[in-house]
Amino acid sequence: MINIPGSSHPIDQILKALSWLFGILILGYFFYLTLNIVSHGFSGLSWGFLFELPENAGRQGGIAPMLVSTVIMLILCLLISLPIGIGSAIFLSEYTQENQIFTRIIRESLIVIASIPSIVMGLFGYAFFVVKLNLGFSLLSGALTLTCMVLPLLIRTIEESLRSIPSSHRLNAQALGLPKWRIIFELLLPMASQGILLAIILSIGRAMAETAALLYTSGYVMRMPESIMDSGRSLSVHIFDLSMNVPGGEQAAYSSALILIMLLFGINSITLVLNRIITKRSVS
Amino acid sequence: MSGNHLKIVPENYVGAPNVEQLPAIIDIRNFSLSIHNQKIFEPLSLPIYRNHINTIIGPSGCGKSSLLHCITQLQSSEFNTQGSLLIDNVDIYQESVDLVNLRKNIGMIFQKPMPFPMSIRKNFSLPLKEHGVKNKYDIEQKMETSLRSVGLWKEVGSRLESQADRLSGGQQQRLCIARALALEPKALLMDEPCSALDPLASKTIEELILGLKEKYTILLVTHNLAQARRIADFVGFMWYHQNTGKLIEHNWANIIFDSPSNPITAAYVQGLTE
């Protein structure tokens, strides 16, 4: 995109100044937030903090069980939500018309689900997965609840990227005699891979940040989980607990927050690199 | 390329030859189409002669493109057809046909060249694999042969890994033609293949089409009268009446252009209408 050159018109000048101001504001906000967490949290970081068990309600010791619980729930959540998300997105974009009533109902309900407060989603997860399906307070219950939360985002983002592919590509592929499944898997999904990756990154962020929905579903014991049916505390729940319920836990809370942010950053970078590799392979 | 394609019409000739006189690979008989009860074109009969350049000319909206879509059954479920459409004497609207096979036999080239946004090689391997060419060596062979036949091998042969959608418009269109040719079709349907291209690229495609008729049957839809005049062997002229298309006249190209029997055709080919 090429920017339109501005003029010396006063409104142009004001608009220019304002947009710069807001740009700097956002940057400043980002740096303030990160610096704040880094400056408070960095001193508490050590290998021990990563690999040791917590002591004294988390004031001392490490966060190893929380890291393990978080990663397990994240992996479970992605394993469950990705097939469902890609499948529904394919259904919405390739098997239904954009303005069919059925499609519109699905889309509207996704918007409703997406806007349900996480505390309510937590209650649903508790009632359905923990009690009704008898999964108990477990990483699995937590992951399933997280799945419910990220699915709308996942489906919408993937559907949008599928829809943004010009329909002439589908027509061309059809005219070459390619069956629909091959068009979807070998043409459309690779072309939508950027969007799918973006959806995954957004979902991971959403799932890692989630606290309220996990309080009722995965529980908050600090033990190292032994299976996915075990209860476990996620990093975000740990941060919440340290800062709200544990006097003197601020230092550990900041350090855990720093780890959470670094984890997010790391996962995003890995995903982006993977994306580059996948796109390269699928198109050549 | 041969400039001596069939334009000489026998002395006492009045109409287009019938299929006994000149074999047709696609034979459209009393075929009509409606979408949602809206008639797109009235019943028309049109043989597409083997190894000739058959063209359809006419204004936008007279159903030319829809007719092409019908031939490869690229239509949506709302399409309602009547009459018969024979390909190699098989009525594809009466008997159940294998779409994959149908579209392998009848290639289709669109107005806007749309190679897949992948490498040039993948643009060939994807459809070829679907049609049973699994061997890597065979794929390379077919790709090279068809790229050569559209004169693209010299230009892209050394960079088959590069993105096909980064080629120039004319190259993209030739790539699409090559991609269709790699499947060894019997006929090639072209829906205004030059209208998105600059004059030089159009000229290359036109020469290519002229060369292709030795091996393939061409059905070309075009807006460009000068183009039809330059390369067509046969011309079908479609017009519309109350939003419904109609085949007005079908004959040897020089008859359509020089002594059409219908006054609408005469006015159209002289550029007096539209």
Side-chain angles (χ1 to χ4, degrees), chain A residues 1 89-104 158-198 272 274-284, chain B residues 65 68-69 71-78 97-132 159-166 172-173 175-176 179-183 185 188-191 196:
Chain A
M1 200 186 74
I90 289 175
F91 170 74
L92 285 174
S93 130
E94 306 304 315
Y95 287 88
T96 61
Q97 299 294 317
E98 177 133 34
N99 37 22
Q100 253 173 6
I101 295 195
F102 184 55
T103 327
R104 268 158 62 184
I158 299 175
E159 190 205 339
E160 286 306 321
S161 56
L162 282 173
R163 272 196 198 285
S164 67
I165 300 170
S167 57
S168 40
H169 279 306
R170 294 175 179 82
L171 201 64
N172 259 278
Q174 257 181 298
L176 286 166
L178 298 181
K180 188 161 185 166
W181 69 267
R182 207 186 267 275
I183 298 178
I184 291 174
F185 284 100
E186 297 206 25
L187 188 67
L188 301 181
L189 285 182
M191 284 174 76
S193 66
Q194 304 264 353
I196 297 174
L197 257 300
L198 174 72
L272 287 177
L274 273 182
N275 176 33
R276 206 159 290 167
I277 296 170
I278 292 172
T279 345
K280 234 181 204 164
R281 184 162 303 166
S282 67
V283 296
S284 61
Chain B
S65 298
L68 289 198
H69 284 219
I71 298 175
T72 47
Q73 297 202 344
L74 268 179
Q75 68 276 60
S76 60
S77 47
E78 290 94 30
V97 287
D98 174 20
L99 279 183
V100 171
N101 204 30
L102 171 70
R103 290 169 187 164
K104 176 198 168 297
N105 285 329
I106 312 286
M108 178 103 168
I109 306 298
F110 297 90
Q111 181 170 5
K112 190 163 184 284
M114 273 288 202
F116 302 139
M118 304 169 163
S119 70
I120 296 172
R121 178 174 274 120
K122 183 100 181 177
N123 264 278
F124 285 87
S125 64
L126 193 60
L128 277 171
K129 275 182 188 157
E130 178 58 39
H131 294 287
R159 48 185 178 120
L160 295 168
E161 298 308 324
S162 55
Q163 289 282 103
D165 51 332
R166 301 232 175 98
Q172 288 190 23
Q173 192 61 294
L175 181 89
C176 287
R179 192 172 61 175
L181 293 183
L183 303 180
L188 215 48
L189 314 184
M190 301 177 143
D191 193 354

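All values below come from the heavy atoms of this structure, side chains included, with hydrogens, waters and symmetry mates left out. Remember, predicted model here, so these are calculated numbers, not experimental data. Chain A is the first sequence line, chain B the second, and so forth, proteins listed ahead of strands; every chain is numbered from 1.
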For a 4.5 angstrom cut-off between non-hydrogen side-chain atoms, does [X] reach [Y]?
X	Y	result
B:His69	A:Leu171	yes
A:Ser168	B:Lys112	no
B:Arg179	A:Asn172	yes
A:Leu187	B:Met118	yes

- [ ] Measure the CZ-CD1 distance between B:Phe116 and A:Ile183 for me, rounded to the nearest 0.5 Å.
- [x] 7.5 Å
Open item on the list: Using 0.5 Å steps for rounding, measure from the CD atom of A:Glu186 to the NZ atom of B:Lys129.
Closed with: 7.0 Å
Search all heavy atoms of [X] against all heavy atoms of [Y] and return the closest pair with its distance.
X	Y	result
B:Pro117	A:Met191	CG-CE, 3.3 Å
B:Ala180	A:Leu176	CA-CD2, 4.3 Å
A:Gln174	B:Arg103	O-CD, 2.9 Å
B:Met108	A:Ala175	CB-CB, 3.8 Å

Residue [X] excluded, over 12 heavy atoms near [atom1] under 6.0 Å:
X	atom1	value
A:Phe185	CZ	no
B:Arg159	CZ	yes
A:Phe102	CZ	no

Task: Selection from B:Leu126, B:Thr72, B:Ile106 maximising heavy-atom pairs under 4.5 Å formed with chain A - done: B:Leu126
Task: Best-contacting candidate, B:Gln73, B:His131, B:Lys104, against chain A by heavy atom pairs under 4.5 angstrom - done: B:His131
TODO: Counting only heavy atoms closer than 4.5 Å, note whether B:Pro115 contacts chain A via side chain, backbone, both or neither.
DONE: backbone
